[in-house]
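Okay, structure first, notes after.
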There are 2 protein chains.
Amino acid sequence: MPEMHEPFIETDAAGRLYDRRVREHLRRDVPENEVAATEALAALRLASHGFRNRMDRWLERHDMSEGRLSVLWRLRAKGSLTLGEVAESLDVSARNITGLVDHLERDALVERFPDPEDRRAIRVRLAPAGKQKLADIKREMGSARHGMVAGFTDEELSQLRHLCLKLAQNTIAHRELEKV
Amino acid sequence: MPEMHEPFIETDAAGRLYDRRVREHLRRDVPENEVAATEALAALRLASHGFRNRMDRWLERHDMSEGRLSVLWRLRAKGSLTLGEVAESLDVSARNITGLVDHLERDALVERFPDPEDRRAIRVRLAPAGKQKLADIKREMGSARHGMVAGFTDEELSQLRHLCLKLAQNTIAHRELEKV
DNA sequence: AGGTAATATTGAAGTACTTCAGATATGCCA
DNA sequence: TGGCATATCTGAAGTACTTCAATATTACCT
């Protein structure tokens, strides 16, 4: 049996999980009023790191990545978009989308074409193979996702969604303020 | 006034936030029993993406990155570690830690030294400048974090921590199973 | 109608992450 | 005691992300 990680996720008196390492770190010298925020954000980081790694591994079987898949979903929703619109929609740089679309184009999953109204812009749309790839992924995604949320009630998933979007709202509001 | 993002985070009848784009996508053809999980995981992705970008921008002022900062915190907690131990602790590849420690060493924030008991291994510890850097960052981190969790009650933060760690447990359990 | 600031995409250069392979060292077993 | 499997770190090569600058184009203002 290979060596396992030393467990660091424990349950407190109220029945809630906490990260022992973070709590030990906090005991040193983090002000009391920052404990809850620090622990929550550290947990968010841990969860998303694990989730992303898990998704990466799963998507490898489809010769896909999360970044490229996001582009495909967005194109499926919108029909076609300029590269800039894709970038804004996914909150990444236009340079990044250039690379992701290069890769998707190389795999024949999308097609680039000129924007009829703006000769600077390039539009992109799903190719038939891209539509098929999304159908294939969707067919199997359910069971993968099911494993990731094993043990969660619908109420917990709803609450997780709500709290994450509340956090996202803060980061979006902050970013919009920085534009001014 | 620069153009703002079209708002996509809305509130449902129960007073909970949801991502309109995800919900529209779900209405097409995602099975009912997968809706809650899909929405929760999409929200987690959005929150962590925004949080990470926000942290990146904030850490730039300290000439730091999240990856390198994680290394520093871990060294502060443990005194010294081998590069492999840092990698395992942060759930990243040893190759990645080599690069992060290269950068930290170049900035004189850490020091590498031979492991007295294993000539293959290299240990790393905080340099005095690293300790100072952590002190500087800690002094200001509170207000940055405060902004990120504006509008959250301690109860919500505790619940967010719990739900994220519950998710993290699933990804950790899955990864340990893959080792067998 | 011309000039100029802004926009869209991509080339260049960088960081953070991955996998794989190589060099050196360790530990275990026969 | 020697052989072999495993461990540790890093070089090589790759992806996904960033910023900045360059080129071509658009839009607006005088």
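Keep in mind the model is a prediction, meaning the values are calculated, not measured.
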In terms of hydrophobic clusters joined by side-chain contacts under 4.5 Å, are B:Leu44 and B:Leu46 together? no
Could you identify which residues of residues 96-103 of chain B place a heavy atom less than 4.0 Å from some atom of DNA chain C, listed by residue number, or say none? B:Asn96, B:Leu100, B:His103
Sorted by chain and residue number, the side chain to side chain contact (heavy atoms under 4.5 Å, CB included) partners of B:Ala127 (sequence neighbours excluded) come out as B:Glu111
Applying salt bridge (charged side-chain N to carboxylate O under 4.0 Å, His left out) to B:Glu85 and not counting sequence neighbours gives B:Arg123
Run the salt bridge (charged side-chain N to carboxylate O under 4.0 Å, His left out) test against A:Glu155 and tell me which residues pass, sequence neighbours left out. B:Arg16
Taking only residues two or more places apart in sequence or in another chain, which ones pass salt bridge (charged side-chain N to carboxylate O under 4.0 Å, His left out) with A:Arg74? none
Taking the nucleotide of DNA chain C with the nearest heavy atom to each, does B:Val92 or A:Ile122 sit closer to the 5' end? A:Ile122
Is there side-chain contact between B:Arg68 and B:Asp107, with heavy atoms separated by less than 4.5 Å? yes
Range on DNA chain C touched by chain B, heavy atoms, distance below 4.0 Å: C:dT15 to C:dT26
Rounded to the Å, how far apart are B:Leu83 CG and D:dA7 C1'? 13 Å
At under 4.0 Å between heavy atoms, what does B:Ala121 touch on the DNA or RNA strands: base, sugar-phosphate, or nothing? sugar-phosphate
Can you list the residues that meet the side chain to side chain contact (heavy atoms under 4.5 Å, CB included) rule with A:Arg112, with sequence neighbours excluded? A:Leu83, A:Thr98, A:Val101, A:Asp102, A:Glu105, A:Ile122
With sequence neighbours left out, write down each residue that passes side chain to side chain contact (heavy atoms under 4.5 Å, CB included) with B:Glu156, or none if nothing qualifies. A:His162, A:Leu163, A:Lys166, B:Phe152, B:Thr153
Side chains of B:Tyr18 and B:Ile9 in contact at under 4.5 Å (non-hydrogen atoms): no
Whichever of A:Gly84 and B:Ser65 has the more 5' nearest nucleotide on DNA chain C, that residue is A:Gly84
Taking only residues two or more places apart in sequence or in another chain, which ones pass salt bridge (charged side-chain N to carboxylate O under 4.0 Å, His left out) with B:Arg45? A:Glu66
Result block: side-chain N/O donor-acceptor pairs under 3.5 angstrom for residues 139-150 of chain A, not counting sequence neighbours:
unit_1: A:Arg139; atom_1: NH2; unit_2: A:Asp136; atom_2: OD1; d: 3.3
unit_1: A:Ser143; atom_1: OG; unit_2: A:Glu140; atom_2: O; d: 3.1
unit_1: A:Arg145; atom_1: NH1; unit_2: B:Thr38; atom_2: OG1; d: 2.7

Among residues 105-120 of chain A, which contact DNA chain D at a heavy-atom distance under 4.0 Å? A:Asp118, A:Arg119, A:Arg120
Indicate yes or no: at least one non-hydrogen side-chain atom of A:Cys164 is less than 4.5 angstrom from one of A:Leu167. no
Would a 4.5 Å heavy-atom cut-off, applied to side chains only, mark A:Val92 and A:Ser70 as touching? no
The helix from C:dA1-D:dT30 to C:dA30-D:dT1: angle between terminal helix axes, five bp per end, to the nearest 10 degrees, reads 10°
